[in-house]
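Sharing a structure below in structure tokens format, with a few things to ask.
Keep in mind that what you see is a predicted model, and the values were worked out from it rather than measured. Chain naming here is simple, since letters A, B, ... match the order of the sequence lines and numbering starts at 1 in each.
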Amino acid sequence: MPELPEVETVRQGLLPAMENRRISHAEVRRPDLRWPFPPRMAERLTGARVTALGRRSKYILASLDTGQTLLIHLGMSGRMTISGDAPGSFHRDHPLRDKHDHVVLTMDSGARITFNDARRFGAMDLIATPAVETHPLLAKLGPEPLGNTFHAGVLARAFSGKRAPVKSALLDQRIVAGLGNIYVCEALWRAGISPMRQAGRIGQARLETLTQTIRDVLAEAIEAGGSSLRDYRQADGELGYFQHRFAAYDREGQPCRTQDCDGVIERIVQSGRSTFHCRRCQR
DNA sequence: ACCAGCTCCTGCTTGC
DNA sequence: TGCAAGCAGGAGCTGG
């Protein structure tokens, strides 16, 4: 499911169709996803103009001229795609509805934005804009990994004394926001750090390296339009391409790509999640 | 406080 | 074109 690069790619794809556009019609086709939708969501969205389309961690935030902000989370299988009579449309010739099309926003341009989520782990909420930062889903998030407030000192402080494996620590959204299973595996491989290593036992120099590999892998993935494994699509329906550049994730049994390393990528399970790593060059 | 495991849901892949 | 088990990118909750 969508991690930070996928959500950012979707946001960028939605931007021309949504920003400074008015929602002329909102259709909400079921009462809930992971949680119930906020009361009267369709009515509250209808007529609102989207003044900005932002992102925090894996959440898309649409600021509305009604003083509210629409929070969108794609969960594991959520898609936001554009269709209808608009540039960048997805399936312009196949406007048929899917049974997992849960919310459809029709913009004043004629573009339709469809939220499709087979597994329904996604979520939407409407928040008074001044209260966005204190929303329960956002309040405890750590720094944005591509922002200025993320640096090795942040990791050093957060990891200090931590006995949990660094893999688990990086998945903790309170430490750094937006990483998921794929990009944690990739960043640790690039940094040459074992996913099993206790977070509190990584030296300063290696934390500097890790900070940089996290930034690099996320930026490259955004550049490639994200990673499409199963459900993920960009807003225009295109696949992402970063999966072709995975060095660790989903490469069990394949040769490690580190220069001069003759190791093999192994799959282990940590906290119930697959981890892919090379035990020879990740220490 | 910390951490591992379970859970929500559907659908795809794998093994019989 | 059968069936059941296992697995999947998130993240809140429970209980040790």
Are A:Glu19 and A:Arg21 close enough for a salt bridge, meaning some N to O gap below 4.0 Å? no
Could you state the CG-P distance from A:Asp172 to B:dA1, rounded to the nearest angstrom?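 My rounded result for the distance is 14 Å.
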Indicate, with a heavy-atom threshold strictly under 4.0 Å, whether A:Asp231 touches base, sugar-phosphate, or nothing. base
In whole angstrom, give the distance that lies between atom CD1 of A:Ile182 and atom P of C:dC7.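 Rounded to the whole Å, the gap is 18 Å.
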Rounded to whole Å, please give me the gap between NZ in A:Lys140 and C1' in C:dG10. 17 Å
Do the side chain of A:Arg120 and the base of B:dC9 come within less than 3.5 angstrom through a donor-acceptor pair of N or O atoms?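 Absent.
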Any donor-acceptor N or O pair under 3.5 Å, side chains A:Arg267, A:Ser274: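 A:Ser274 and A:Arg267 do have a side-chain donor-acceptor pair below 3.5 Å.
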Mark yes or no for whether A:Glu3, through its side chain, and A:Tyr183, through its backbone, hold a donor-acceptor pair below 3.5 Å.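 Pair found, side chain donor or acceptor close to backbone of A:Tyr183.
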Base, sugar-phosphate, or nothing: which does A:Pro5 touch, judged by heavy atoms less than 4.0 Å apart?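 The answer is nothing, as A:Pro5 stays clear of every strand by at least 4.0 Å.
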Could you check how far CE of A:Met76 sits from P of B:dC6, rounded to whole Å? 16 Å
With heavy atoms under 4.0 Å as the rule, sort A:Tyr183 into base, sugar-phosphate or nothing.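 Contact class for A:Tyr183: none.
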May I ask you to say whether A:Glu6 pairs ionically with A:Lys58, meaning some side-chain N is under 4.0 Å from a carboxylate O?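 Answer for the salt bridge query: no.
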Got a list of side-chain donor-acceptor pairs under 3.5 Å for residues 130-140 of chain A, not counting sequence neighbours?
| residue | atom | partner | partner atom | Å |
| --- | --- | --- | --- | --- |
| A:Thr134 | OG1 | A:Ala131 | O | 3.0 |
| A:His135 | ND1 | A:Leu137 | N | 3.0 |
| A:His135 | NE2 | A:Asp125 | OD2 | 2.8 |

Taking atom types as modelled, is there a side-chain donor on A:Thr106 or A:Ser24 under 3.5 Å from an acceptor on the other?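 Checked: A:Thr106/A:Ser24 side chains show no N/O donor-acceptor pair below 3.5 Å.
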If I take atom CG in residue A:Leu229 and atom C1' in nucleotide C:dG10, what distance separates them, rounded to the nearest angstrom?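 In whole Å, C:dG10 C1' and A:Leu229 CG are 14 Å from each other.
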Proximity to the side chain of A:Ser271 - top-ranked nucleotide from C:dG10, B:dC3, B:dA4: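 Selected nucleotide: B:dA4.
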So with a 6.0 Å cut-off around CD of A:Glu223, is the heavy-atom count from everything else above 12? no
Between A:Ser228 (side chain only) and A:Gly240 (backbone N and O only), is there a donor and an acceptor less than 3.5 Å apart? yes
Are A:Arg233 and A:Asp231 close enough for a salt bridge, meaning some N to O gap below 4.0 Å? no
Rounded to the nearest Å, what distance is computed from the CG atom of residue A:Asp250 to the P atom of nucleotide B:dC12?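 Distance check: A:Asp250 CG to B:dC12 P gives 17 Å.
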Could you give the CG-to-P distance, from A:Asp117 to B:dG11, as a whole number of Å? 11 Å
Carboxylate-amine/guanidinium contact A:Asp216 A:Arg190, below 4.0 Å: no
Identify all pairs in which a protein N or O lies below 3.5 Å from an N or O of nucleotides 11-13 of chain C, and state each distance.
| residue | atom | partner | partner atom | Å |
| --- | --- | --- | --- | --- |
| C:dA11 | OP1 | A:His73 | NE2 | 3.3 |
| C:dA11 | OP2 | A:Lys58 | NZ | 2.8 |
| C:dG12 | O4' | A:Arg34 | NH2 | 3.3 |

Given that A:Arg230 and A:Phe121 both sit by DNA chain B, which one's nearest nucleotide is further toward the 5' end?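 Going by which nucleotide is closer to the 5' end, it is A:Phe121.
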A correct dot-bracket answer for DNA chain B, with pairs being Watson-Crick or G-U at under 3.5 Å, [ ] for crossing pairs and | for inter-strand pairs, is .|||||||.|||||||
Check every strand shown and say whether A:Lys99 touches a base, only sugar-phosphate, or nothing at a heavy-atom separation below 4.0 Å. sugar-phosphate
Nucleotide C:dG6, atom C1' - distance to CZ of A:Arg119 in whole Å: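 So the CZ-C1' distance, A:Arg119 to C:dG6, works out to 12 Å.
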The residue, A:His100 or A:Ala164, whose nearest nucleotide of DNA chain B is more 5′ is A:Ala164
Just to be sure I understand the rule, does A:Arg174 reach a base, reach only the sugar-phosphate, or reach nothing, if contact means heavy atoms closer than 4.0 Å?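 Nothing, no heavy atom under 4.0 Å.
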